[in-house]
Amino acid sequence: MRYWLMKSEPDDCSIDDLAAMPGQTVAWYGVRNYQARNFMRDQMQLGDLAFFYHSSCAEPGIAGIVEVARRAYPDATQFDVSSRFFDAKSSHENPRWLNVDVRFVRKTPLIALAELRRHAALEQMRVLQKASRLSITPVDPAEWRYITEQLIGSA
DNA sequence: GCCAACGTTGGC
DNA sequence: GCCAACGTTGGC
């Protein structure tokens with residue numbers, strides 16, 4: 001059982017959008033970075049929990065919690081010529097990109113990026129490192145506990 | 001809109 | 001295999 005942080009642009013899919021989806025579940029498609037893909041392929045297990053992080057928006061930060069509802073399988077958008085995620089170099093025989101499905105667990109009070117930065121206990125978090133662009137990052141269990149108990153729990 | 005940081009591409 | 005050029009991310 002691992003913990004993660006997964007970035008989503010709320011203009012594309014916010015935590016409220018996810019909560020409104022059928023089954024409150026969505027395919028985490030569109031990841032086009034090998035490191036993030038490998039996390040999904042090699043390490044994500046059913047039931048893993050992740051912070052749902054809003055990025056590239058007015059108030060970046062943690063907005064909710066999701067769980068892995070299906071293990072990694074080929075990302076359909078890589079084969080869809082009409083998709084902005086289409087990849088001509090991928091093939092059905094040897095798909096380059098994968099995604100998991102995630103399911104809504106709960107919404108949280110927004111824990112802003114600026115707030116996360118205020119806590120020394122979190123200073124090693126990947127998402128707080130300078131120019132951290134990786135859309136999926138592992139979260140240390142101690143960091144997970146700190147955020148859920150100290151920040152979300154008291155908010 | 002700016003810009004720093006980073007990943008990818010492709011020529012050599 | 002190097003590395004410059006380019007594209008993207010994402011906070012501000």
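Model, not experiment: these values are computed from the prediction. In the text below, chain A, chain B and the rest are named by the order of the sequence lines, each starting its count at 1.
Note on ring orientation: taking the six-membered ring where Trp is involved, the planes of A:W144 and A:Y3 are parallel (angle under 30°, cut-offs 30° and 60°). Between A:F85 and A:Y29, the angle of the ring planes goes over 60°, which puts this pair in the perpendicular group of the 30/60° scheme.
At C:dG10, one or more side-chain N or O atoms of A:K7 fall inside 4.0 Å of OP1 or OP2 (strictly under the cut-off). Note on A:Y34: every side-chain N or O is 4.0 Å or more away from OP1 and OP2 of B:dC6.
Using a 3.5 Å distance cut-off with no hydrogens or angles, the side chains of A:D17 and A:S14 do pair a donor with an acceptor.
Between the CD atom of A:E9 and the C1' atom of C:dG10 there is a distance of 8 Å, rounded to whole Å. When the P atom of C:dG10 is taken as reference, atom CG of A:D12 falls 11 Å away, rounded to whole Å. Computed from coordinates, the A:M6 CE to C:dT9 P distance equals 16 Å when rounded to whole Å. Distance, A:E59 CD to C:dG10 C1': 16 Å, rounded to whole Å. In this structure, the CD atom of A:Q35 is 10 Å from the C1' atom of B:dG7, given to the nearest Å. Spacing between atom CZ of A:R84 and atom P of C:dT9 amounts to 8 Å, rounded to whole angstrom units. The CZ atom of A:R32 sits 24 Å away from the P atom of C:dC6 (whole-angstrom rounding). B:dT8 atom C1' lies 12 Å from atom CG of A:D87, rounded to whole Å.
Classification of A:R37 and A:D87 as a salt-bridged pair fails, no side-chain N sitting under 4.0 Å from a carboxylate O.
Of all nucleotides listed (C:dG11, B:dA5, B:dG10), B:dG10 comes nearest to the side chain of A:K89. For A:S56, counting side-chain heavy atoms from C-beta on, the closest listed nucleotide (B:dA5, C:dG10, B:dT9) is C:dG10. Minimum atom distance to the side chain of A:L113 is reached by C:dG11, of the listed C:dG10, B:dT9, C:dG11.
Annotation: A:W97 is in aromatic contact with A:Y34 [ring centroid separation under 6.0 Å].
One N or O donor and one acceptor, one from the side chain of A:R133 and one from the base of C:dT8, sit under 3.5 Å apart.
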